[in-house]
2 protein chains.
Amino acid sequence: MLKISELSAQTGLSAHTLRFYEKHGLINASTRSEAGYRFYSEADVRRVEFVKTARNSGFSLEDIAQLLSIRVDKQSHSCQDVTDITQKKLDQVNAKIEELQSIQQTLEILLESCCGGPENASHCSIMEALDEGLTRDQARSESQ
Amino acid sequence: MLKISELSAQTGLSAHTLRFYEKHGLINASTRSEAGYRFYSEADVRRVEFVKTARNSGFSLEDIAQLLSIRVDKQSHSCQDVTDITQKKLDQVNAKIEELQSIQQTLEILLESCCGGPENASHCSIMEALDEGLTRDQARSESQ
DNA sequence: TATAAGCTTAGAGTTGGCTCTAAGGTCAAC
DNA sequence: GTTGACCTTAGAGCCAACTCTAAGCTTATA
Ligand SMILES: [Zn+2]
Ligand SMILES: [Zn+2]
Ligand SMILES: [Zn+2]
Ligand SMILES: [Zn+2]
């Protein structure tokens, strides 16, 4: 049986975070001391590790709540239930990556167009591109 | 001179958002009617469009505040000032992309390992992988 | 027995970028 | 002159996932 600080040390999650997860129904201490101190069993620890792993895999706490409800009763759920959650998360991640890659490209084009030098910015093509709304080819070279 | 709803229609930013940007020092209506209604000049509109373009390029409102202070006095700033902001943002975007790609990979490996079928999840290798902490090769195939 | 470390709770604060509400003043049309 | 659309403000609420605070109780060590 571990106290919260011991569980914290073992998992790398802060005691605050562990209480926060409990408040949101993700984890629990299966026993309490007379004074109300939380005590975590081996099974409790495994559940916390599950949550931590799922979080590191990109799942939201809401996703994790669903995964946990499958975990406690695997018989009543199918592999498809699990892949549905996972695929949905992957779709979100892919969408976000695409969005960021579009921004990445824009920033790279902007950077390529600017000399980056110490002279004053009245000729700066990044500023011009932002002024002109980066339609079309966004920014032409500053040179000449 | 445009009223706020007209500027909203022209830029696609809500009147709420325009007031929000004003409260945060990004934009301003250069004149007000006697009753206090905001009126935007051509120059005001161009500034708002600059903000919008910068936002679409991935800059935070704080970045944009810096870019705007360069914009109003280009003589006192260098191209390097502009690229510093842009490069820093690109670095952040790249870091975020890498983080998401790592998650993407994890999710893909998980999905590959699971049959996704209608049978019950007691043999599900996604659940197993999350239980085991996805160390090493994370998840082996469910088959056999 | 006294000090300090650790535990408890409810609840507030953080971040960023909106988004909305309430309560009221203004303005154009009918 | 009255409806209804539009404008004003300060300030609250939202999202996720923490992060921290305050005030008080418990436990271990000296
Ligand atoms: Zn230059
Ligand atoms: Zn430049
Ligand atoms: Zn299966
Ligand atoms: Zn499976």
Side-chain angles (χ1 to χ4, degrees), chain A residues 1-40 44 48 51-68 85 88-89 92-93 95-96 99-100 103, chain B residues 1-40 44 48 51-68 85 88-89 92-93 95-96 99-100 103:
Chain A
M1 289 302 215
L2 302 178
K3 280 192 289 188
I4 197 164
S5 62
E6 293 163 338
L7 179 59
S8 169
Q10 206 171 105
T11 58
L13 302 171
S14 76
H16 279 305
T17 297
L18 291 168
R19 290 191 203 98
F20 171 80
Y21 284 172
E22 180 180 311
K23 192 159 60 180
H24 287 63
L26 298 181
I27 63 171
N28 206 17
S30 50
T31 30
R32 293 271 187 140
S33 75
E34 289 216 344
Y37 284 27
R38 290 168 177 83
F39 281 104
Y40 297 92
D44 293 340
V48 172
V51 170
K52 188 188 167 190
T53 302
R55 201 204 54 178
N56 289 340
S57 306
F59 291 106
S60 69
L61 300 191
E62 199 184 327
D63 296 331
I64 295 172
Q66 287 189 62
L67 291 170
L68 285 167
I85 296 171
K88 196 173 146 199
K89 177 55 56 178
Q92 286 170 15
V93 168
K96 190 73 189 166
E99 190 186 321
L100 286 173
I103 287 172
Chain B
M1 291 301 219
L2 301 178
K3 280 193 287 187
I4 196 164
S5 62
E6 292 163 337
L7 179 59
S8 170
Q10 206 170 105
T11 59
L13 302 170
S14 77
H16 278 305
T17 297
L18 291 168
R19 289 190 203 99
F20 171 80
Y21 284 172
E22 180 180 309
K23 191 159 64 181
H24 286 59
L26 298 182
I27 63 171
N28 205 15
S30 48
T31 30
R32 293 270 187 141
S33 75
E34 289 216 346
Y37 284 28
R38 290 168 177 82
F39 280 105
Y40 297 92
D44 293 339
V48 172
V51 170
K52 188 188 168 190
T53 302
R55 266 245 20 70
N56 290 340
S57 307
F59 291 105
S60 69
L61 301 192
E62 199 184 328
D63 296 332
I64 295 172
Q66 286 188 64
L67 291 171
L68 284 168
I85 296 170
K88 197 173 146 200
K89 177 55 54 178
Q92 287 171 14
V93 168
K96 190 71 189 168
E99 190 187 322
L100 286 174
I103 286 173

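Note on naming: letters A, B, ... go to the chains in the order of the sequence lines (proteins, then strands), and numbering restarts at 1 for each one. What you see below is based on every heavy atom in this structure, not just the backbone, and it leaves out hydrogens, waters and symmetry mates.
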Whole angstroms only, please: what is the [atom1]-[atom2] distance between [X] and [N]?
X: A:Lys52; N: D:dC18; atom1: NZ; atom2: C1'; result: 16 Å
X: A:Arg55; N: D:dC18; atom1: CZ; atom2: C1'; result: 10 Å
X: A:His24; N: C:dA10; atom1: NE2; atom2: P; result: 13 Å
X: B:Leu61; N: C:dT15; atom1: CG; atom2: C1'; result: 12 Å
X: B:Phe20; N: D:dT8; atom1: CZ; atom2: P; result: 17 Å
X: B:Leu18; N: C:dC18; atom1: CG; atom2: C1'; result: 12 Å
X: B:Tyr37; N: D:dC7; atom1: OH; atom2: C1'; result: 4 Å
X: A:Glu34; N: D:dT26; atom1: CD; atom2: C1'; result: 12 Å

Sugar-phosphate only, base, or nothing, as touched by A:Arg19 at under 4.0 Å among non-hydrogen atoms: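 Base: the residue A:Arg19, judged by heavy atoms under 4.0 Å, touches a nucleobase.
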Which part of the nucleic acid, if any, lies within reach of B:Ser33 when heavy atoms closer than 4.0 Å are counted: base, sugar-phosphate only, or nothing?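 Nothing, no heavy atom under 4.0 Å.
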[X] side chain, from C-beta outward: closest of [options]:
X: A:Ile4; options: D:dA17, D:dT27, C:dC7; value: C:dC7
X: B:Ser5; options: D:dG11, D:dC18, D:dC6; value: D:dC6
X: B:Arg38; options: D:dT21, C:dT21, D:dT9; value: D:dT9

Hey, which sits more toward the 5' end of DNA chain C by its nearest nucleotide, B:Lys3 or B:Tyr21?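 It is B:Tyr21 whose nearest nucleotide is closer to the 5' end.
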A:His16/A:Phe20 under ring pair (Phe, Tyr, Trp, His ring centres under 6.0 Å): CA gap, chis, key distance, verdict: CA-CA 6 Å; A:His16 279 305; A:Phe20 171 80; over 10 Å; no
Verify the distance criterion only: is there a donor paired with an acceptor across the side chains of B:Ser5 and B:Ser8 at less than 3.5 Å?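 No.
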Side chains of A:Thr53 and A:Asn56, donor plus acceptor under 3.5 Å: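 Side chains of A:Thr53 and A:Asn56: no pair found under 3.5 Å.
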Give a yes/no on whether any side-chain N or O of A:Ser14 is located under 4.0 angstrom from OP1 or OP2 of D:dT19.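 Negative; the distance criterion is not met.
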Pick the closest DNA chain D nucleotide for B:Arg32 and for A:Glu62 by heavy atoms, then say which residue is nearer the 5' end.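 By nearest-heavy-atom nucleotide position, the 5'-most residue is B:Arg32.
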Salt bridge check, A:Glu22 against A:Arg19: does any charged N sit closer than 4.0 Å to a carboxylate O?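 No salt bridge links A:Arg19 with A:Glu22.
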Would one find more than 12 heavy atoms of other residues, nucleotides or ligands at under 6.0 Å from atom CD of B:Glu62?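 Atom CD in B:Glu62 is not crowded, with 12 or fewer foreign heavy atoms closer than 6.0 Å.
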